[in-house]
Amino acid sequence: MSEQYREMWKDLGLNLEAHDALLKVLGEAYQDIYLAQQNRPGAMEYFDFVMTEVHGLRVKELNDARAVGRKVIGSFCVFVPEELILAVEGISVGLCAGAEFAFDQAEKIIPRNTCSLIKSVCGFSLGKACPYIESSDMIVGENTCDGKKKSYEEFGKLVKNLYVMDLPQMKSEEGKTLLKAEYVKFIKTLEQLSGKKITAKVLKTAIQIVNEKRKAIRRLAEVRKADPVPISGLDALLVNQLFFFDDPERFTESVNKLADEMEQRAKTGKGVFPKGRPRVVVTGCPMAVPNWKIPMVIESAGAVVVGEESCVGERGARWMTSEKGDSLEELLDNIVERYFNIDCAIFTPNPSRVDQVKKMVKDYKADGAIHYCIQFCQPYQMEAGNMVNELKKVGVNVLAIDTDYSQEDIGQLKTRIEAFIEMVG
Ligand code: BJ8
């Protein structure tokens with residue numbers, strides 16, 4: 001792939017040497033973690049292809065689209081409505097932030113005790129190794145946690161067009177009004193950038209496209225209730241990660257094909273692991289590509305991840321946007337209603353997240369839950385204690401872990417997770 005796309009990466013201003021090194025590490029990790037798995041569904045082949053071309057063909061597609069006037073919008077948070085971006089014929093891409101890259105440089109502009117996700121955003125930008133950042137016509141930041149909010153002041157100096165969206169912190173009527181006002185502002189900005197007007201008709205189509213994508217992901221989640229589980233947690237996570245990168249309609253079609261195969265597997269009792277393997281729900285911070293550390297440790301310890309209560313998982317895709325109504329105002333209200341449900345830990349209080357984890361443990365017949373926090377992530381760390389207590393009260397085995405993107409604590413994590421699996425199993 002390297003040779004074929006070299007000119008494109010050069011034109012995007014990437015540091016080719018650093019980028020080559022990154023691709024090498026990524027390729028090796030993918031081989032060891034993903035391709036070495038047994039009994040994978042055949043339909044995962046498409047997602048393997050997307051991964052191998054994630055810095056190649058997909059980036060070329062984005063830049064071909066830009067050449068004919070479409071705008072690429074990068075974002076970091078599931079509060080940024082893809083529907084609005086599609087409605088101006090834009091392309092939405094998640095800027096992954098899931099790897100430890102150029103942290104030494106990042107730590108020169110933001111504090112060391114910042115979460116890895118934020119350091120990764122700054123590191124990739126400073127190290128000029130992310131073709132998605134460089135291909136974005138506008139990057140949307142959001143006022144969620146304090147770390148992100150304040151880091152955008154520095155990140156904004158590194159990229160050409162950063163737009164920061166304010167977000168509510170409480171689920172009140174005032175909070176909803178703020179969210180709507182921010183989405184109205186975002187629409188205006190998108191219209192200005194693209195030169196396109198959002199009409200009710202295009203917005204409705206965009207809502208349908210994104211809903212279809214969510215429905216396909218829901219099918220995939222549903223079939224993980226089977227025992228034996230037809231897909232590994234690692235593969236399911238990968239599909240959820242690629243939700244933010246791929247062309248939405250092509251992605252939906254591919255996820256539906258995978259779901260067809262998995263439903264067939266479930267009917268015939270074919271699993272990726274033997275029946276009766278300990279089942280775990282993971283809850284907490286989002287795992288962006290290529291953050292596969294926790295499910296890798298869990299599954300190599302003899303358990304299977306059956307669900308993720310995370311923005312790269314159920315928190316990101318479990319609500320549909322209502323398609324009812326024919327006016328722009330009604331459709332925008334539907335979008336506000338949908339996104340206002342998201343139970344991110346930046347909200348206070350945030351009781352529905354605990355309820356959702358309890359529900360998932362029950363629905364997916366899990367033997368336990370693992371609360372995953374990225375070190376220095378205050379919102380999720382603050383919620384961890386209450387989450388653990390509430391789960392214990394209803395008899396759910398739970399383990400809370402804090403980690404970063406490095407591999408340094410992998411031995412310690414293995415020991416703790418293996419002991420937990422042994423206990424729940
Ligand atoms: S809606 S979870 S995607 S904000 S890990 S940067 S919270 S200190 S990512 Fe998130 Fe939107 Fe919420 Fe979801 Fe801050 Fe924590 Fe770091 Fe985090």
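The chain is numbered in sequence order, starting from 1. In each ligand, atom 1 is the first atom listed, and ligand 1 is the first ligand listed.
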Original post:
Centroid-to-centroid, F101 to F124, below 6.0 Å?
Top reply: yes
Original post:
Which option, A97, C145, C77, owns the non-hydrogen atom nearest atom 14 (Fe) of ligand 1?
Top reply: C145
Original post:
Which of the numbered atoms in ligand 1 are below 4.0 angstrom from a heavy atom of T144?
Top reply: 4 (S)
Original post:
Do you see a donor-acceptor pair shorter than 3.5 Å between the side chains of E330 and S327?
Top reply: yes
Subject >> Side-chain (R416) to main-chain (A400) donor-acceptor, under 3.5 angstrom >> reply: yes
**OP:** Please could you name the atoms of ligand 1 that F79 approaches to less than 4.0 Å, counting only its heavy atoms?
**Re:** 1 (S)
Subject >> Exam field: side chain S120 to backbone A99, donor-acceptor pair closer than 3.5 Å >> reply: yes
Original post:
Who's the nearest protein heavy-atom neighbour of atom 12 (Fe) of ligand 1, and how far?
Top reply: C344 SG, 2.3 Å
**OP:** Pick one of side chain, backbone, both or neither for how I118 approaches ligand 1, counting any non-hydrogen atom pair under 4.0 Å.
**Re:** side chain
Original post:
Under a heavy-atom criterion of less than 4.0 Å, does V78 contact ligand 1?
Top reply: yes
Original post:
At what distance is the nearest protein heavy atom to atom 15 (Fe) of ligand 1, and which residue and atom is it?
Top reply: C377 SG, 2.3 Å
**OP:** Distance to 0.1 Å, residue and atom name: give those for the protein heavy atom nearest to atom 10 (Fe) of ligand 1.
**Re:** K148 NZ, 3.7 Å
Original post:
For atom 11 (Fe) of ligand 1, does an N/O/S atom of C311 lie at less than 2.8 Å?
Top reply: no
Subject >> A43 backbone acceptor or donor facing E261 side chain under 3.5 Å >> reply: yes
Original post:
Are K293 and T403 linked by a side-chain donor-acceptor pair shorter than 3.5 Å?
Top reply: yes
**OP:** Would you check if there is a donor-acceptor pair between the side chains of R70 and S194 at a distance under 3.5 Å?
**Re:** no
Original post:
Hey, is CD on Q378 packed in by over 12 heavy atoms from elsewhere, all under 6.0 Å?
Top reply: no
Subject >> Which of the ligand 1 atoms, numbered from 1, are nearer than 4.0 Å to a heavy atom of R315 >> reply: 2 (S)
Subject >> Candidate with minimal heavy-atom separation from atom 9 (S) of ligand 1, of S151, P286, G316, S120 >> reply: P286
Original post:
Where is the nearest protein heavy atom to atom 2 (S) of ligand 1: which residue, which atom, and how far?
Top reply: Y380 OH, 3.2 Å
Original post:
Is atom 14 (Fe) of ligand 1 less than 2.8 Å from an N/O/S atom of C115, whether that atom is in the backbone or a side chain?
Top reply: no
**OP:** Determine, step by step, whether I91 and K71 satisfy the side chain to side chain contact (heavy atoms under 4.5 Å, CB included) criterion, reporting the C-alpha distance in whole Å, the side-chain angles of both residues, the deciding distance to 0.1 Å, and the verdict.
**Re:** CA-CA 6 Å; I91 303 175; K71 299 295 174 192; over 6 Å; no
